[in-house]
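Beneath this line is the structure, given in structure tokens, with notes to follow.
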Amino acid sequence: MNIVRLASIRKYYRSSAAQALDGVDFELESGEIHAVVGENGAGKSTLARILCGFERPDSGAVYVKGAPTSFSSHRDAERVGIGFVPQYSMLATGLTAAENVAIGHEPRCFGPFTDRRRASYEFSLLADRYGFTVDPDAIVASLSSAERREVEILRALARGGSVLVLDEPTSILGEKEAASLFTLVRRLRDSGAGIVYISHRAGEIVNLADRVTVLRSGVVERSFAAADVDECELAGLIVSGTACVDPNARRAGVALGEPVLTIRGVSLGGRGSGSLHRVDLTVRSGEIVSVVALGGNGLESLEDIAAGVVGPDEGDVLVKGRPLAKWPRRELRSRVMAYLPTDRENRGLSPKASVAMNAVAGRLFDYSFAEFAAGSSPLTDAGRMLGEFGVANWKGRRVDTLSGGNRQRVVASRELSGDAELVVAANPAQGLDRGSRSRLLSRLAAMRDSGSAVLLLSSDPDDAAELADRSFALYRGRLTPIERTGSFDAAFSEALTGAKP
Amino acid sequence: AAGLMLGASCAKPTKVADPLSVAVFVPGIASGSPIYEMLVTGATRAVDETPGARLKVIEAGYDQSTWLDSLRDAAASGEFSVIVSSNPSLPELCAKLAPDYPGLRFILADAYLAGNPAIHTVLYNQKEQGYIVGVLAGLVSKDRAGPGALRAALIAAQRYPTLDRLIRPGFEAGLKAVDPAFELEFREIGNWYDSAKAAELAGSLYGSGVEVILPIAGSAGQGVVAAARERGKAAVWFDGGGYALDPVAVVGCATIAQDRLVYERLKLALSGDESIYGRADVVSAKGGYVGFDRDADAFRALPEALRAAFDEAVRALAEGRPDFSFDTF
Amino acid sequence: MSIATRCRFRFDTIHDAGGTKTAMKLSAALASAAALAALAAAFLSSEPASALRAFFLAPFRTRTAFLSTLELAAPLAVCALGVIVTFRAGHYSLGGEGQAYAGAFAAALAAPILYESLGPASAPLAILVGALAGAIVSAPSAIGKRLAGADVLLTSILVSQGVIFAVDWAIGGPFRDQSSNLVAMRAIPRGALLPRLAPPSTLTAASIVALAACLIAAFYFERTRSGTAHDLYGRNQRFAELQGFDVARLSWAPIVAAGVLHGAAGAMMALGARGTAIRGMSGGIGWSAIGAALVAGSRPQALPFAALLFAWLDSGSRQAAILSDLPPDAGQAIKAIVILAVSARPAIAALRRRR
Amino acid sequence: MSALVSLLAGSLAFMAPLAPAAVGGLVTEYVGALNIALEGFILIGAFSYAAVGAVAGPVVGFGAALAITAVAAAGADLFSRKAKADPFVVGLGVNMLAPAAASIVSQSLFATKGVAAVAGLQSTLVLPGLRISDIAAFAVAAAIILAIAATPFGTRSRAAGMSPDSLAMAGLDYGKARGAAHLVSGLACGATGAALAASVGAWVPNMSAGRGWIALVAVYLGGKRLGGTVAAVALFSVMLSAAASAQAVVELPAELLLSIPYFIAALVVIVGARRTARRRGT
Ligand SMILES: Nc1ncnc2c1ncn2[C@@H]1O[C@H](COP(=O)(O)OP(=O)(O)OP(=O)(O)O)[C@@H](O)[C@H]1O
Ligand SMILES: Nc1ncnc2c1ncn2[C@@H]1O[C@H](COP(=O)(O)OP(=O)(O)OP(=O)(O)O)[C@@H](O)[C@H]1O
Ligand SMILES: [Mg+2]
Ligand SMILES: [Mg+2]
């Protein structure tokens, strides 16, 4: 018996003129993990939001345990036990973790007053039950991305728990956090809950899911039992026409050049376990160097240092032999350095500006006054760059009406369309579907081959494994080189968890 | 807007106004303000008595910085040949307009400007007005406070020339006429409407032993009256209308015969007398233009002897003692 | 296909992110505003027809009235341009009122002196002096933002309020025209004022300057690199910094530019019809300017219309008091209702969306 | 000594009508709306007190001031949400409409557009500088403080301001949270207006005299936090009361004195920001 069923759901977004869902049928059984996959912009998040009562479908029906239901807000969905973990963080960052979970259902004392102590206590009970360790009274703004995700998961589980909808939950999680999430999800499934699991990672899905539904352009293309396919087949199904690539079969013989980025004895304090301690790292032209870390081990700090967002407390950061801070920013960014940030909403995009503007922002001052005033060449350039990464239908649209993956494609279009001498790419493949991911990775490889220096910062070891010439693990702010001998994965997990080989 | 713009470009030339059409320009709001109500009454009477004359009342609101624009609109409408108004600050504004609208004439009460051929002004001798309430304030203070320190106060919205040169010295002269030992306290509110702050200032003055306060503060004066009421102290009022605010606390109210003055001068103008323009007159207690309103219970409740002394001072003033007359301001 | 898309009145630019077009917003809102105002007049006047005619048509009926309304719109447009310049840099400065007032004061102070030495050429210089005064009032916010990251909204409103009191004092005290009962400074000599283009209307070159300023600003934001960087900085400062824009300058320059514009607008008022600085003469222009800027959707090209709308309402409520029996507060009430109606999304667009 | 007492009394008198408005401004700030219409709502409150109080007495008048202003504030917010009108422009309209409407109603109710003194509406002094109406105003402020500090209302309002999405995740409606906050800020402005009118026993056009703006500034000066706002209100009250008392000593120009607190506050803000920036190391 299914717990939730969607029948012929349609949803049209006027602001982006997108038919996000076009007659979708979807069923979720209790005790199953049902994966939803598909290209960027296929309608996965929209499906999830309708299932959870955030949006109303234009037409079609939602059935809960066989009865037709209409949700007017997420509260209605919560009431029947549906919890949601959104693709983007939806927390009130100035409140505490416990307050965020309690909101809307605050425990009371003395009549109308909030019982703070009980809210914290209930939060810790919940966290203990699911094996999380977030401090209930910590202000969310002070938590790391992974910890925030834990808060969101706890919020989804706090009420009901008969259905849990997870929208790309692992895109910003490291391997360890991801593993514990999988355990949790399996446990919930085994206790009879239904799980909707949206992801682009074929590996995860094959290991985790019981059933898979493939969406394409708002329509269900296929739905099948996960046991029927292997990882490679699944990857092919998610993105039409992409063959499964053997990760280790690349690497043209490219000559190593001069050091482009030199990080020497850099320390950065005040960030807890994410502080850096005397980090040395050199990236030469013609190589891809990857640094992999689990959440909270300093990857974000290293990103800030390498991109010049903050200066180090100690040590030097040199780009082409010149201190990074001494570079005029405009010259650095328009000629030398490409930067794909982890935090794309704040750093990588100007969400309320047009897509085209976001695409050409980096080369604004490359145009002459007259060229820019005439307006056609920036627009043409934007079209060309966006086309390269497969962003379609972008004219006259604001970036924040794009789907998550398409936003990342816009960032990539801007940053990787030139021939930067140095690329700092932090989690560049987050939220990208298989096809876009491989397109992005091959673009990075091509840039390396034409002499760029690439620093790849990632919480996903797969990125490193596929691409990197040299790899490091970052654990508690210290770098350890990883030798590519023997089992790569084993070497990684040891370095990442601090277990000395 | 574009369509209207086209309409404007083929507009008619300015028309010549009927010589008997009068605008009463109220630099504020008539209702609730005795001086402006009298302005309207006086002008209405003059127009009613003149066959063929027409009257339009224009209220401009209290923001003085917009008065010029309103006056200009009135002048530009071409509907009026005489504008009657009352306020010390109007002569400058009218003088600014006069060159643009040569046919237009202005009669301004409670104002002073000599020598502009389009403008006739009449100023009340407000020094006398101040003197009258000063004497009353002095008598009442002395009567109530006994032989202690003799202090009275003036709370003003803000400082302006008529206040500094006429009202304040007149009030002080009245106090000193009662007893040269009187001291005058002065406080400024900063605007014409913060009655709560006026109440606060008055409250602390009353608390420190002041018995009578004269507010020259427009609506904010209500705050002074309120403070007097709750502490059993007294206030004296200017220009009429004060008794209505409180039947007990307001013990006296100096008046001006605005309705009569406006009636007389407008009557002259409508009869075709051009000689008044360019002149600046001063009217005083002698002609009965400045006086005192006795018709109130609070005043009648004052001690017999006190009232007698006060009446004597007012009578003397009407006969020119002391002499506060002046020709140029 | 939506009406908005069909009525597109400009070429596609890199800025185009869709959305309601301002021209349509303005005109559709005007229609509903007029209907509401008619209703209000019917209740508040004994002769609603003539009140309405006076309110809506008098400002345009005669050449003089129309040109004077244009002149009224000029300082408002310049102020609103200042608002747009700061808002589009993401700085929410509410200090326009004090800056304009200081500009008027400084211009009234400087004009007679400049006139003595320079003669008729003094007017533009006096406006520059006003602009400088506006810039000085804006400086604490600009410096505070640049050096300390101090909240511009807060510093600007505080400094502005302090300056308003201080200028009130200066105009009413040491710099007051002692011979006058108006709380104002000495009248500026006629020759030092902005020359009137079409007497008896108050029209001066100020309105032409204002229009030109709006067009230049529109070009700046839509078609120049720096204007685009400015805009992107306003939308997301971190992003602008990482794209290599000159964020240090953008953190203070728009604030000072707005100060300059506000100060110049104040000077225009003093050197225009008023002929001097009068106590309280800024009369809420800083706030109306924010209203006008928002009604124009932060687009300088739409600003002349929005400013004209506000000036028209101002003038209309005065005209209604003069030509009909509509009291000033009723005029004020109608003005408020029209502003509320204009701020609403056009009813038409809302209906279209519903269907 | 007596100077100190009178300074304190003056500060209390100034603070009583300011405190509720500032706390009300804080509540709307929590939900992320800059409430520039405090001034207009204070006028509505004052007028309602006088108008209803004239028929039904001061107690009912006070209640009516709270209720009417709350409804007006919630209504304005509803309009801005439903018509998608810019809240700032709506605030501008309210500030323009409130005094005009009061004047129109006053004409038909009190037959005057000027001061309308109503017998029996002046609240009695219980201490120097403190009236019964002031105590009521403080009580309203205290109730709101309690509500935002210790009930779900406060947390939800803050969440609405930080991230409307976080409310949606709790199945709560952002619009309703915003509306509730405006309702409360209306209550607060009603209390401020009523306290003002009760201190002089009359409706005086324009009697708010800038207190709405001071309240707004206090919210910002207090860093949009409860403690800070209350401290800023106290600071302003003392400074403004001191400026008034100073007139007894020297005849200083009132306006120049009034400007000083604002300049000092601006300086405090800039220096404070500089120190925070230093601490953050940027
Ligand atoms: N709030 C919105 N406003 C307008 N259009 C939207 C909105 N949300 C989604 N869309 C559009 O609907 C379509 C489906 O988007 P959705 O977010 O569901 O995709 P997705 O499958 O989750 O993609 P991704 O893998 O990139 O997250 C896209 O074309 C997107 O641009
Ligand atoms: N935060 C901002 N920073 C800079 N400029 C802005 C900002 N908000 C708006 N603008 C400017 O104002 C214009 C209107 O903004 P927006 O795109 O939100 O309106 P719209 O979509 O055209 O209209 P609406 O949203 O009312 O239908 C933009 O084109 C931009 O030029
Ligand atoms: Mg998605
Ligand atoms: Mg928009």
Side-chain angles (χ1 to χ4, degrees), chain A residues 49 52-55 71-80 82-96 98-116 119 139-141 148 151-152 155-156 158-160 268-271 309-313, chain D residues 26-27 29-33 81 84 86 140 142-181 183-184 187 219 222-229 276-282:
Chain A
R49 285 200 301 268
C52 296
F54 290 97
E55 308 216 27
F71 298 140
S72 63
S73 78
H74 181 52
R75 208 182 182 84
D76 293 344
E78 242 179 28
R79 216 164 270 143
V80 297
I82 300 177
F84 181 52
V85 179
Q87 187 169 4
Y88 305 108
S89 174
M90 290 188 175
L91 295 169
T93 49
L95 300 182
T96 65
E99 279 172 327
N100 263 291
V101 170
I103 200 164
H105 307 266
E106 298 85 350
R108 311 290 172 100
C109 59
F110 308 116
F113 299 108
T114 313
D115 190 342
R116 290 226 170 116
I139 301 289
V140 166
R148 290 186 199 189
V151 176
E152 294 198 271
R155 177 173 60 189
R159 277 162 288 277
L268 182 68
R271 297 192 171 194
V309 175
V310 299
D313 293 343
Chain D
L26 178 66
V27 176
E29 199 56 55
Y30 272 179
V31 295
R81 269 186 289 127
K84 302 202 168 164
D86 189 291
V140 170
I144 297 175
I145 288 176
L146 209 59
I148 57 185
T151 71
F153 170 71
T155 340
R156 292 176 187 186
S157 301
R158 290 205 292 150
M162 292 169 204
S163 149
D165 287 340
S166 71
L167 276 194
M169 285 301 304
L172 299 172
D173 184 21
Y174 167 74
K176 278 190 196 141
R178 209 177 108 175
L183 192 86
V184 168
L187 277 178
V219 171
K224 304 184 194 175
R225 290 187 194 181
L226 189 51
T229 302
T276 338
R278 281 243 183 82
R279 223 174 316 131
R280 282 204 211 107
T282 44

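These numbers come from a predicted model, not from an experiment. Numbers restart at 1 for each chain; the letters A, B, ... are given by sequence-line order, proteins then strands.
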Measure distances from Phe113(A) to the heavy atoms of chain D and classify the residue's part below 4.5 Å as side chain, backbone, both or neither. both
Distance-minimising heavy-atom pair for Gly171(D) and Ser73(A): O-OG, 3.4 Å
By a 4.5 Å heavy-atom criterion (distance strictly below it), what part of Leu91(A) contacts chain D: side chain, backbone, both, or neither? backbone
Considering non-hydrogen atoms only, spot the tightest contact between Ala170(D) and Ile103(A) and give its length. CB-O, 3.3 Å
Sort Arg108(A) into side chain, backbone, both or neither according to what part of it lies under 4.5 angstrom from a heavy atom of chain D. side chain
Please state whether the side chain, the backbone, both or neither of Arg158(D) comes within less than 4.5 Å of a heavy atom of chain A. side chain
Could you measure the distance from the CD atom of Glu99(A) to the OG atom of Ser166(D)? Nearest 0.5 Å is fine. 11.0 Å
Answer key: most heavy-atom pairs under 4.5 Å with chain A among Gly161(D), Ala159(D), Pro164(D) is Ala159(D)
Identify the two heavy atoms, one from Ser163(D) and one from Met90(A), that lie closest to each other, and give their separation to 0.1 Å. OG-C, 4.4 Å
For Ala160(D), is it the side chain, the backbone, both, or neither that has a heavy atom closer than 4.5 Å to a heavy atom of chain A? neither
Are the side chain of Thr114(A) and the backbone of Ala150(D) linked by a donor-acceptor contact shorter than 3.5 Å? yes
Any chance you could measure Arg75(A), atom CZ, to Asp173(D), atom CG, to the nearest 0.5 Å? 11.0 Å
So, taking the atom named CG in Asn100(A) and the one named CE in Met169(D), what distance separates them when rounded to the nearest 0.5 Å? 10.0 Å
